[in-house]
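Here is how names work: the chains are called A, B, and so on, in the same order as the sequence lines, proteins then strands, and each is numbered from 1.
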Amino acid sequence: MAVQKLPLAKAINESLRKALETDPKVLIMGEDVGKLGGVFRVTDGLQKDFGEGRVIDTPLAESGIVGTAIGLALRGYRPVVEIQFDGFVFPAYDQIVTQLAKMHARALGKIKMPVVIRIPYGGGIGAVEHHSESPEALFAHVAGLKIVSPSTSSDAYWMMQQAILSDDPVIFFEPKRRYWDKSEVDPEAIPGPLHKARVALSGSDLTLAAYGPMVKVCLEAAAAAAEEGKSLEVLDLRSISPIDFDTVQTSVEKTGRLVVVHEAPVFYGSGAEIAARVTERCFYHLEAPVLRVGGFHAPYPPARLEDEYLPGLDRVLDAVDRSLAY
Amino acid sequence: MAVQKLPLAKAINESLRKALETDPKVLIMGEDVGKLGGVFRVTDGLQKDFGEGRVIDTPLAESGIVGTAIGLALRGYRPVVEIQFDGFVFPAYDQIVTQLAKMHARALGKIKMPVVIRIPYGGGIGAVEHHSESPEALFAHVAGLKIVSPSTSSDAYWMMQQAILSDDPVIFFEPKRRYWDKSEVDPEAIPGPLHKARVALSGSDLTLAAYGPMVKVCLEAAAAAAEEGKSLEVLDLRSISPIDFDTVQTSVEKTGRLVVVHEAPVFYGSGAEIAARVTERCFYHLEAPVLRVGGFHAPYPPARLEDEYLPGLDRVLDAVDRSLAY
Amino acid sequence: MTVESTAPRKPRRSSGTKRTSARRTPQQQSSEPQLVQLLTPEGERVEHPEYEIDLTPEELRGLYRDMVLTRRFDAEATSLQRQGELGLWASLLGQEAAQIGSGRALHDDDYVFPTYREHGVAWVRGVDPTNLLGMFRGVNHGGWDPGANNFHLYTIVIGSQTLHAVGYAMGVAKDGADSAVIAYFGDGASSQGDVAESFTFAAVYNAPVVFFCQNNQWAISEPTEKQMRVPLYQRAQGYGFPGVRVDGNDVLACLAVTRSALARARRGEGPMLVEAFTYRMGAHTTSDDPTKYRADEETESWRAKDPILRLRRLLEREGHADEAYFTGLEEESEALGRRVREAVRAMPDPDRLAIFDHVYADGSALVDEERAQFAAYQASFADSADSAEGGK
Amino acid sequence: MTVESTAPRKPRRSSGTKRTSARRTPQQQSSEPQLVQLLTPEGERVEHPEYEIDLTPEELRGLYRDMVLTRRFDAEATSLQRQGELGLWASLLGQEAAQIGSGRALHDDDYVFPTYREHGVAWVRGVDPTNLLGMFRGVNHGGWDPGANNFHLYTIVIGSQTLHAVGYAMGVAKDGADSAVIAYFGDGASSQGDVAESFTFAAVYNAPVVFFCQNNQWAISEPTEKQMRVPLYQRAQGYGFPGVRVDGNDVLACLAVTRSALARARRGEGPMLVEAFTYRMGAHTTSDDPTKYRADEETESWRAKDPILRLRRLLEREGHADEAYFTGLEEESEALGRRVREAVRAMPDPDRLAIFDHVYADGSALVDEERAQFAAYQASFADSADSAEGGK
Ligand SMILES: Cc1ncc(C[n+]2csc(CCOP(=O)(O)OP(=O)(O)O)c2C)c(N)n1
Ligand SMILES: Cc1ncc(C[n+]2csc(CCOP(=O)(O)OP(=O)(O)O)c2C)c(N)n1
Ligand SMILES: [Mg+2]
Ligand SMILES: [Mg+2]
């Protein structure tokens with residue numbers, strides 16, 4: 001593969017292909033990942049090239065998928081599991097939080113659990129119920145899991161490589177409404193650490209922190225704010241557990257203001273943890289309370305309301321204004 | 001029943017008994033709730049008195065228990081479901097978050113889901129793995145559920161009455177290590193609202209906020225602090241979703257300092273939400289950042305380490321000192 | 001008559017676990033099982049030792065009409081999706097007999113727990129077809145009143161409704177009521193733990209529930225071999241209740257078998273599993289592209305077993321319907337199509353603040369607060385309310 | 001010889017869903033199924049048309065020794081719990097034959113996925129019994145090296161290990177290895193969705209796994225009637241693989257049947273379910289009080305079928321062991337008891353900072369930060385480190 005512009009979905013596809021080529025222990029598992037290539041075509045062509053033994057169409061049972069992936073990992077394999085949509089991960093929740101997350105500790109380190117769980121997540125594609133959710137906080141509270149979400153094709157490619165190489169279970173939240181966004185991937189690049197945040201845009205007046213699908217919205221908000229003469233710094237957190245608080249702290253010590261943006265409901269969401277910890281770390285630097293922009297405490301609404309529900313440019317700018325007003 | 005001192009477990013038992021007597025639609029369901037009366041004897045004697053048709057020993061399948069409870073609720077029953085221990089609720093997680101929580105909204109209000117899920121939770125009883133966890137934040141993030149946890153026998157009795165009367169699903173977290181603690185229950189009392197916090201101790205220097213098993217620890221910490229001349233206010237939140245932020249705000253506006261205490265891991269825990277929201281509400285009143293005392297980002301440890309893991313008097317007082325040092 | 005399956009499938013190799021050549025290949029799946037059929041693809045009545053059905057010409061025409069109108073409605077929905085009026089549609093094309101046959105077996109006080117594809121069952125329950133389209137248009141998540149027609153909301157999380165059905169049936173039994181419950185699910189769903197648990201609960205409590213599996217051969221792109229090694233109806237026995245496979249493209253057989261299973265449940269004899277052997281003629285949903293994973297010949301071979309055509313042949317052969325009837329029905333179909341089309345186009349978008357409705361039955365301070373904040377935020381755009389856009 | 005079950009149970013009424021009198025009562029469970037037995041409670045060898053076993057006197061003594069030492073270890077653990085050295089103990093009393101018989105059928109390269117009660121299997125795998133006690137003492141959550149003896153950690157969340165077993169077996173098949181996997185679970189566990197899903201995955205991938213259910217008649221206080229209406233072994237067939245019920249108190253039959261099932265799996269013929277019909281002679285765990293829910297007579301009737309006694313009778317009858325052998329074994333037992341007792345008492349409490357060990361294999365900035373904070377907090381108590389107490 002040469003340096004090229006790729007849609008985010010295709011970047012993941014290329015990353016999976018590379019992993020399958022490099023390590024015979026890597027497996028792809030999930031519903032419809034074979035001939036169909038997954039409902040978003042992220043595994044397109046992989047079964048054709050690597051066979052049914054490496055790219056495995058599974059029975060329709062998420063607990064079974066994750067549970068057998070655990071067994072395969074115990075046997076020395078490195079399964080990359082696809083959950084078809086965010087809202088369908090819950091049948092596997094028990095296996096993820098009581099088994100996958102805890103097995104390494106339970107065995108006092110004698111077992112490793114190199115399992116990646118890919119979950120297309122978030123809204124914005126006009127889907128029916130259960131196809132637009134952002135459940136990351138429900139996993140981040142659980143020790144033993146690492147949770148990441150890329151926002152660019154390059155990160156999608158490299159973070160997937162790193163997730164597969166990790167000896168810990170990684171939940172890989174893929175921003176499904178960005179699957180078709182193209183950006184550059186350099187397959188020869190040397191990636192930074194998996195759990196390090198990235199300063200997506202430098203600024204001085206206020207920090208916007210986001211991950212996955214919301215990074216783009218924040219960059220657009222920053223561009224709009226710039227026209228009004230406000231200089232926003234945008235952080236792409238990339239990792240939801242752990243969170244790179246050092247990078248956030250550095251930024252907030254500079255700007256004095258933080259707005260956290262995510263699609264997931266605000267109540268008990270990742271913004272809460274970020275607000276709490278950053279306030280503790282930067283108490284004397286903060287000119288305003290950390291503000292949060294996110295989903296409401298309500299089920300993800302029907303598609304015709306999702307543009308209201310999802311944090312957009314204006315809601316981010318509204319929070320920016322409120323923060324700057326302190 | 002007369003006014004009397006009851007162990008917390010017995011108070012719940014009496015409350016369930018009253019509900020079974022009052023409303024023929026109330027059912028008790030769960031593993032071993034019948035002849036055995038549950039592993040903590042909370043349902044002791046109920047099957048004997050109300051029969052196998054009202055107090056139902058179920059197959060060993062948590063998803064099945066909650067899923068059939070949903071069906072029974074659709075038929076007009078009011079099931080009170082027991083999950084045997086905190087760590088065993090996860091097989092039912094899908095039914096709880098995708099079905100139970102959302103059914104009322106999905107039906108635009110035409111369906112009600114009066115289901116109570118009782119979960120003995122938390123540590124401190126020297127148990128093996130999966131028997132000491134505090135998963136409340138994993139439910140509180142989900143809209144459609146109400147989450148409460150009593151700390152006294154009286155609250156246990158009355159909050160259970162209210163939970164059963166509620167037309168919304170309520171997850172009732174029972175502080176298992178307080179099951180044997182006795183305090184007074186007045187069956188003629190007029191209880192306050194289910195989701196209102198209680199000022200358990202008035203004070204002026206700092207607010208401690210807790211719920212369930214940690215209220216007692218906070219009261220002990222306040223007593224110890226009082227000896228050093230520090231006046232701590234202790235709030236028993238009682239409700240974890242929603243949270244009575246008005247009461248917390250009132251307290252923090254008075255004291256200027258807040259320490260939140262829970263057993264659950266701090267990272268993405270309920271303390272995060274409380275810290276974030278209270279900081280937003282009380283930004284100019286806070287003399288110190290909201291501090292959190294809770295579990296670590298690690299699996300609940302083996303029993304011989306739980307006294308280290310659980311927030312105790314000293315860890316609460318340490319946080320109090322750190323807050324007061326600002 | 002019990003006949004060999006009308007649907008011999010090409011054997012497919014199980015995937016993923018090829019063994020070394022020293023190992024024997026997996027035992028062949030037992031030869032195709034028998035299935036109950038009362039009407040052949042050619043439209044001929046056949047006898048069955050256990051199941052029989054005696055319908056008046058009017059009843060036969062009724063079944064025919066149900067199937068035709070359901071298919072017409074389904075086609076309209078598919079085209080509404082293409083026109084952008086719906087976000088998605090899950091077509092039942094090919095499964096009309098399974099749905100109309102089983103649905104017409106129900107009594108009014110029976111209760112139905114559908115998946116997301118039971119448009120035919122909804123039809124016979126009297127649910128206004130337009131109501132089904134709300135969720136596919138994106139204006140609600142279902143939202144019809146389940147109690148109005150004893151037809152529960154569509155359930156998307158695969159398999160979960162089977163437990164609701166069993167719980168409901170446990171309640172029916174508790175009430176001493178003389179009704180039954182039917183739980184629909186698919187061949188793919190049979191792999192979900194929830195479905196297995198529903199079998200266990202139904203068996204243990206002897207619940208009056210009929211598990212009705214439409215085995216349409218596919219779970220999106222996965223053939224049934226990815227879910228099971230032996231015919232599904234056989235699974236029931238291991239849980240302690242009977243299972244039967246019925247020709248799912250034969251509306252008479254589906255009606256007869258479901259009637260019998262429901263009657264059994266109503267008599268207090270407990271659950272039963274009915275596997276309707278049928279075929280998903282179309283894509284999984286309008287988002288799906290079946291050419292990626294299945295052969296045209298397979299679909300073609302099933303076209304010959306079309307459920308509507310075979311009943312038409314019977315009606316014609318036995319002289320129960322004439323050209324005028326069919327023309328009249330054609331017109332009725334078109335009228336239905338028009339009515340649905342117009343109703344969908346007229347369906348208003350929900351109010352933005354509806355996001356906050358019905359989160360809780362008893363209300364919530366948190367929801368009230370968020371609603372008020374959002375309303376204030378919206379109001380802050382004053383007259384230019386439209387500039388509050390989404391984040392796409 | 002195939003005999004009637006050694007364990008006729010009193011019929012129990014299914015609970016919760018009494019139907020109106022108009023309804024027929026549920027069909028009676030089919031009469032007690034046949035079960036494989038090779039050694040009667042009286043210690044007599046019997047023949048079986050399908051299963052046979054030919055053991056040397058030494059092998060027979062070996063099985064006897066395994067069972068006696070396992071029981072002795074188990075009794076020691078129970079008394080250590082009473083003495084406060086363990087927080088809890090789950091006794092295998094009565095299930096020695098099921099565990100030793102199945103365990104001795106395994107090859108070294110086979111892999112075991114136990115529940116929390118397979119102390120006998122652990123024994124034959126060569127896991128140091130003391131290692132099993134760590135989790136019950138509360139010093140770890142298991143912590144032995146599963147790879148060292150191909151014996152996975154105890155799993156407490158009911159049923160979840162059956163999926164791990166199937167995944168592992170899928171890996172074995174992928175590797176083209178000539179080994180098999182065994183998954184233990186209980187009668188109660190059979191109701192869990194995970195167990196059903198493990199059946200489906202095992203069948204679909206033809207995985208070399210043996211599902212070994214110890215049906216000990218109870219899941220804590222619930223008799224098997226609360227989990228199933230027909231004998232469990234019959235469930236396998238509906239998933240496309242064979243099931244068999246074996247006398248779980250007959251070590252020879254358990255060995256023979258498990259050997260055959262494992263050999264079948266190794267030959268690439270796929271999964272099999274073995275239901276060992278046995279009895280939990282003691283409490284569920286030391287926290288349990290079985291007098292609340294079951295009758296003494298039931299327990300007594302099972303005492304007559306004791307697995308150890310019947311093998312002793314065989315050894316004596318056939319002159320394979322003399323008094324000196326039994327006395328020697330008695331002494332060996334006592335020595336084992338002493339060794340375990342001493343080892344447990346000497347088991348140190350873990351270091352407080354061990355809380356933070358092994359949360360992640362690749363480390364975590366968050367864990368490092370919390371560990372450092374906690375260490376600093378502890379250090380702040382200076383010499384009086386002990387004053388940092390818990391919250392009880
Ligand atoms: C728990 C869950 N996992 C995955 C999906 C995604 N999904 C929707 S339909 C479907 C296939 C269902 O197949 P089947 O049960 O045979 O029903 P059919 O669509 O053929 O009617 C899948 C995998 C889902 N809705 N729920
Ligand atoms: C998911 C889950 N639910 C509940 C429990 C509590 N529990 C522990 S053992 C047990 C009964 C298990 O019965 P069975 O499977 O027959 O095994 P046995 O104890 O008889 O060996 C229960 C309900 C658990 N450990 N896991
Ligand atoms: Mg299907
Ligand atoms: Mg048991």
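Under a cutoff of 6.0 Å and an axis angle of 45°, D:R235 and C:Y239 form a cation-pi pair.
Here C:S191 is the residue among C:G243, C:A196, C:S191 with the most heavy-atom pairs under 4.5 Å with chain D. Taking chain C as the reference chain and counting heavy-atom pairs below 4.5 Å, the highest number among D:G193, D:A236, D:S198 is found for D:G193.
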- Message: Does C:R280 form a salt bridge (charged side-chain N to carboxylate O under 4.0 Å, His left out) with C:D288? I'd like the steps, not just the answer.
- Response: CA-CA 12 Å; C:R280 196 195 79 208; C:D288 180 40; 3.6 Å; yes
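Proximity to chain D involves both the backbone and the side chain of C:Q192, based on heavy atoms less than 4.5 angstrom apart.
For D:T162 and D:Y184, the side-chain atoms include no donor-acceptor pair closer than 3.5 Å.
In this structure, D:W302 and D:Y279 have parallel ring planes: the angle between them is below the 30° cut-off, well short of the 60° mark.
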